[in-house]
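In what follows, chains are A, B, ... by sequence order, proteins preceding strands, each numbered from 1. Please read these numbers as outputs of a predicted model, since none were measured by experiment.
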Protein chains: 2
Amino acid sequence: MKSKEEFIEKLRNSSLRPTKQRINICEVLFNRDKTFHFTISDLFNLIKDKTGEKVSLATVYNTVHAFHKKGYLKEIPINSNQTYFDTNVTDHHHFFDVKEEKLIDLKNEDVGPIEIQKSIPGKKIKSVEVLVKLED
Amino acid sequence: MKSKEEFIEKLRNSSLRPTKQRINICEVLFNRDKTFHFTISDLFNLIKDKTGEKVSLATVYNTVHAFHKKGYLKEIPINSNQTYFDTNVTDHHHFFDVKEEKLIDLKNEDVGPIEIQKSIPGKKIKSVEVLVKLED
DNA sequence: TTCGTTGTTTATAATTATTCTAAAGAAGAT
DNA sequence: ATCTTCTTTAGAATAATTATAAACAACGAA
Ligand SMILES: [Mn+2]
Ligand SMILES: [Mn+2]
Ligand SMILES: [Zn+2]
Ligand SMILES: [Zn+2]
């Protein structure tokens, strides 16, 4: 359970003004034990439910992008009509339950080291992500 | 270089009527040496260029989905505003050049075997795909 | 070959996620 | 308090995709 002051501090340190909207979004995103996988619409609805205050959809988009740019959120590459984000910004992989449309974390040690044996001249590797699709 | 008759045969065997639109799309998609990574809009433009005949955008969508459902095309999981498809339907992985927005095949042996050490009760693994993002 | 059936194409409208715009409001600095 | 800069917001715009429904083409049976 993080305090509101911690979020204000974090926002200030990132040169993001600590507005009440951003603080509410922080509470919903970062006040949890487990990693959180979400879409913008998930988050939009949760904010109302958990804080009682409404934040405009535009602000949710703005804030998620700001946090993503600052490295506080990770974008998960799957094909869906909506973009998925993750509060776990460490290198890790995912299960995607196609039926439930739910992401599940895979620890790096659950996958093992991945050695890419090919390289493209002039390019360097930015990320290596494994997506394991699950069916019933 | 496959003949038009081969495509007609393939379509018939898939209970898809061999219309001239579908045959044209087959020529563009499958008459090539290397694997082909594309978006709907790539394909739509190529059809005009390569066959001289225009196919409606709706038909391009319909046909790509039909081919995908039949297993002749693979959908590549990346976050982009457009969906990417692949004529190489075997299990394999990808580089994604973020700047150029281009996919590049990674052979299975360029990645090595991936052992998933975790399982979810009641679910089985449908696919395991590695996406390697490239930057300059 | 003709006819009836069913599948396909197409233009166009609808849907939906996301981004843009510009005005009002809030935060920070002086 | 005042000024500046950043942020929020409603609503409009954009763009990929999907739905609709009428015209059309392929097929199989007569
Ligand atoms: Mn995760
Ligand atoms: Mn490929
Ligand atoms: Zn982002
Ligand atoms: Zn598809």
Side-chain angles (χ1 to χ4, degrees), chain A residues 4-5 7-28 37-48 51-70 72-73 75-85 101, chain B residues 4-5 7-28 37-48 51-70 72-73 75-85 101:
Chain A
K4 185 177 288 199
E5 281 65 36
F7 293 130
I8 293 179
E9 199 49 26
K10 186 175 181 175
L11 286 166
R12 281 231 176 75
N13 291 338
S14 318
S15 24
L16 296 170
R17 290 186 182 171
T19 63
K20 76 171 188 306
Q21 291 88 342
R22 282 174 176 162
I23 294 163
N24 281 337
I25 293 174
C26 281
E27 311 254 23
V28 174
H37 301 110
F38 65 96
T39 64
I40 295 286
S41 129
D42 292 338
L43 179 56
F44 179 69
N45 293 314
L46 270 177
I47 294 164
K48 272 194 307 244
T51 72
E53 298 176 52
K54 191 210 163 186
V55 174
S56 79
L57 185 57
T59 297
V60 178
Y61 273 99
N62 290 340
T63 304
V64 166
H65 279 129
F67 288 1
H68 179 226
K69 194 170 289 179
K70 294 291 177 184
Y72 303 145
L73 291 174
E75 200 178 338
I76 309 300
I78 45 173
N79 286 117
S80 163
N81 46 331
Q82 291 174 88
T83 302
Y84 279 79
F85 294 92
E101 294 190 304
Chain B
K4 184 176 289 197
E5 281 66 36
F7 292 130
I8 294 178
E9 199 50 26
K10 187 175 181 174
L11 287 166
R12 282 231 175 77
N13 290 338
S14 317
S15 24
L16 296 171
R17 290 187 182 171
T19 63
K20 74 171 190 306
Q21 290 88 343
R22 284 176 175 160
I23 294 163
N24 281 338
I25 293 174
C26 281
E27 310 253 22
V28 172
H37 301 110
F38 65 96
T39 64
I40 295 286
S41 128
D42 292 336
L43 179 56
F44 179 69
N45 293 315
L46 269 177
I47 294 164
K48 272 195 307 245
T51 72
E53 298 175 52
K54 189 209 164 187
V55 173
S56 79
L57 185 58
T59 296
V60 178
Y61 273 99
N62 289 340
T63 303
V64 166
H65 280 128
F67 287 3
H68 180 226
K69 193 170 290 179
K70 294 292 175 182
Y72 303 145
L73 292 173
E75 200 177 337
I76 308 300
I78 45 174
N79 286 117
S80 164
N81 44 333
Q82 293 173 87
T83 302
Y84 279 79
F85 294 91
E101 295 190 302

key: Whichever of A:Arg12 and B:Thr63 has its nearest DNA chain C nucleotide further upstream toward 5'   = B:Thr63
query = Is the number of heavy atoms from other residues, nucleotides or ligands under 6.0 Å of A:Lys20 NZ greater than 12?
reply = no
query = Would one find more than 12 heavy atoms of other residues, nucleotides or ligands at under 6.0 Å from atom NZ of A:Lys4?
reply = no
Check every strand shown and say whether [X] touches a base, only sugar-phosphate, or nothing at a heavy-atom separation below 4.0 Å.
X       : answer
A:Ser41 : nothing
A:Thr19 : sugar-phosphate
A:Thr39 : nothing

task = Give a yes or no answer on whether the side chain of B:Ser14 reaches the backbone of B:Leu16 with a donor-acceptor pair at less than 3.5 Å.
result = no
Short side-chain N/O contact to D:dT8 OP1/OP2 from A:Arg22, under 4.0 Å = yes
Just the rounded figure in Å: distance from [atom2] of [N] to [atom1] of [X].
X       : N      : atom1 : atom2 : value
B:Phe7  : D:dA26 : CZ    : P     : 18 Å
B:Asn62 : D:dA25 : CG    : C1'   : 15 Å
A:Arg17 : D:dC6  : CZ    : P     : 6 Å
B:Gln82 : D:dT18 : CD    : P     : 13 Å
B:Asp42 : D:dA15 : CG    : C1'   : 15 Å
A:Gln21 : D:dC6  : CD    : P     : 17 Å
A:Lys48 : D:dT9  : NZ    : C1'   : 15 Å

query = In chain order, what residues pass the ring pair (Phe, Tyr, Trp, His ring centres under 6.0 Å) check against B:Phe38, with sequence neighbours excluded?
reply = B:Phe36, B:Phe85
query = When the nearest nucleotide of DNA chain D is assigned to B:Leu57 and to A:Val55 on a heavy-atom basis, which residue is associated with the more 5' position?
reply = A:Val55
key: Pairwise 5' ranking along DNA chain D for B:Pro18 and B:Tyr61, keeping only the more 5' one   = B:Tyr61
request  = Cation-pi check, A:Lys10 to A:Tyr72: give yes when NZ or CZ is under 6.0 Å from the six-membered ring centre and within 45° of the ring axis, no otherwise.
outcome  = yes
task = Provide the closest heavy-atom pair for B:Ile25 versus B:Thr59 in the form atom of the first, atom of the second, distance.
result = CD1-O, 4.4 Å
inquiry  = Restricting to non-hydrogen atoms, name the atom on B:Asn81 and the atom on B:Glu101 that form the minimum distance, rounded to 0.1 Å.
reply    = OD1-OE2, 4.5 Å
ask   = Does anyone know the first and last nucleotide of DNA chain C in reach of chain A, 5' to 3', at under 4.0 angstrom to a heavy atom?
value = C:dA17 to C:dG28
